[in-house]
Amino acid sequence: MVRRLLWVCLLLFQTTAYANRIFVPMDETQKNHLKAYGVAYWVLAQGFEIEWLLNYKGGSFVLPAATAVENRLLSRNVSYRIISEAEYNEIVALISRPDVNMDVMKLEKAPKIAVYSPKSKQPWDDAVTLVLTYAEIPYDVIFDDEVMQDKLVEYDWLHLHHEDFTGQYGKFYAAYRNQPWYIQQQKEFEATARRYGFKKVSQLKLAVVKRIREYVAGGGFLFAMCSATDTYDIALAAEGVDICESMYDGDPADPNAQSKLHFENCFAFHNFTLVMNPYQYEYSNIDNQSYERGVTEENDYFTLFQFSAKWDPVPTMLTQNHVHVIKGFMGQTTAYKKQLIKPDVVIMGENKAIGEARYIHGVYGKGFWTFYGGHDPEDYQHFVYEEPTDLSLYPNSPGYRLILNNVLFPAAKKKKKKT
């Protein structure tokens, strides 16, 4: 049986021409950037290596020249062309020049992906699950049970869905406390907390974030958006401190909570001030508020940094795009005040004029984390109960490309650091 499967695989990937390759451009000529990532992932899942040409025509891919690959590219409306070995060698020679800010990154294995999200229906969508589905990249949905049962080790890449790790139910109390979904979520979270011996949901969520921290320290890749970014760090900072008012956990918050925070526990942020008002839809001053930002939908943009592909391949991979100025978008957590970001954090996208970062990255132990502000790159101000974005209308979305860069990142062959 195994021999037969191997033979079928060999037939599937029989090359269309000797020593040819498939070149998938990722610049403005690409008809469907998002599906291109999905095809790249699919080729990796078949057991084949591919090459990611960093900073070459928008971060293009080189795939094996096979009929099955061509058929998949055609059926997904992804632009490509067959190149000869001679043309491929010319491209590599150009990229290898020391005066050119490009590099070749080999991608070896399709990462196994998990999305941390409640199993019950939520009244909002999630950009990562939307784009994974559109790009046809498989993922598993996991939540507190799987984390507490130490199943994170089964995955290479973990996304934190729109989530509140502080135990305050998204601070939706003022607006949505009587909604059936809010009541049901509170019941489910409290039941899960009791199941693992915790008296409060905040204690369960702290245990979850600490296990996620262990996952990253052991070599995992963490990606988070919107409120999952700042509440993750707030939960770590508030270890042993009650920051939840009685409507969330049955007793008052510690009035001295602010002075007891442990900023050294955080991945990204420090010296922030909590928003203790339980009726205010905000957790802290990390998030740059609309009245502070002074921008509108028409002029809300952020700029990607340019990194050295040969010396800083990690942030270079994460910022691959066909444009360097990205349209902004809001979320419960939209953007991060730069003065509250730790000095060792890599800022990959910012609006310098208003002092905010939108896209940041760091290393913890043997692993990596990336935080991306905002909720949906193609829906400027997404509201509860709104219909999910139809990504077939945005196949070239630069904002969504940043998410998919992170999805492929764990597949990269590790290189020795040059610094």
Evaluate the criterion side-chain contact (heavy atoms from CB on, under 4.5 Å) for residue pair D249 and V201; output intermediate values, then yes/no. CA-CA 7 Å; D249 67 357; V201 171; over 6 Å; no
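- Residue Y336 forms a ring-ring contact (aromatic ring centres under 6.0 Å, His included) with just one option from Y372, F269, F267, F272, and that option is F269.
- Residues Y134 and D390 bring no donor and acceptor atom of their side chains to less than 3.5 Å of each other.
- With rounding to the nearest 0.5 angstrom, the CD1 atom of I142 is 12.0 Å from the CD1 atom of I113.
- Atom CG of L404 and atom CG of L34 lie 6.0 Å apart (nearest 0.5 Å).
- Distance check: Q381 CD to T334 OG1 gives 8.5 Å after rounding to the nearest 0.5 Å.
- Note on ring orientation: taking the six-membered ring where Trp is involved, the planes of F165 and Y232 are perpendicular (angle over 60°, cut-offs 30° and 60°).
- Using the six-membered ring where Trp is involved, F189 and F143 have ring planes that are tilted, between 30° and 60° apart.
- Because its NZ or CZ atom is both nearer than 6.0 Å to the ring centre of Y155 and within 45° of the ring axis, K112 counts as a cation-pi partner of that residue.
- The closest side-chain donor-acceptor pair between D376 and Y400 falls under 3.5 angstrom.
- Below 30°, between 30° and 60°, or above 60°: for F409 and F368 the angle between ring planes is above 60°, a perpendicular geometry.
- Aromatic ring centres of H159 and F223: separated by under 6.0 Å.
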Could you go through the salt bridge (charged side-chain N to carboxylate O under 4.0 Å, His left out) check for K35 and E136 one step at a time? CA-CA 8 Å; K35 289 284 190 181; E136 301 175 78; 3.1 Å; yes
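- F172 pairs in a ring-ring contact (aromatic ring centres under 6.0 Å, His included) with only one of the listed residues (Y279, W181, Y248, Y182), which is W181.
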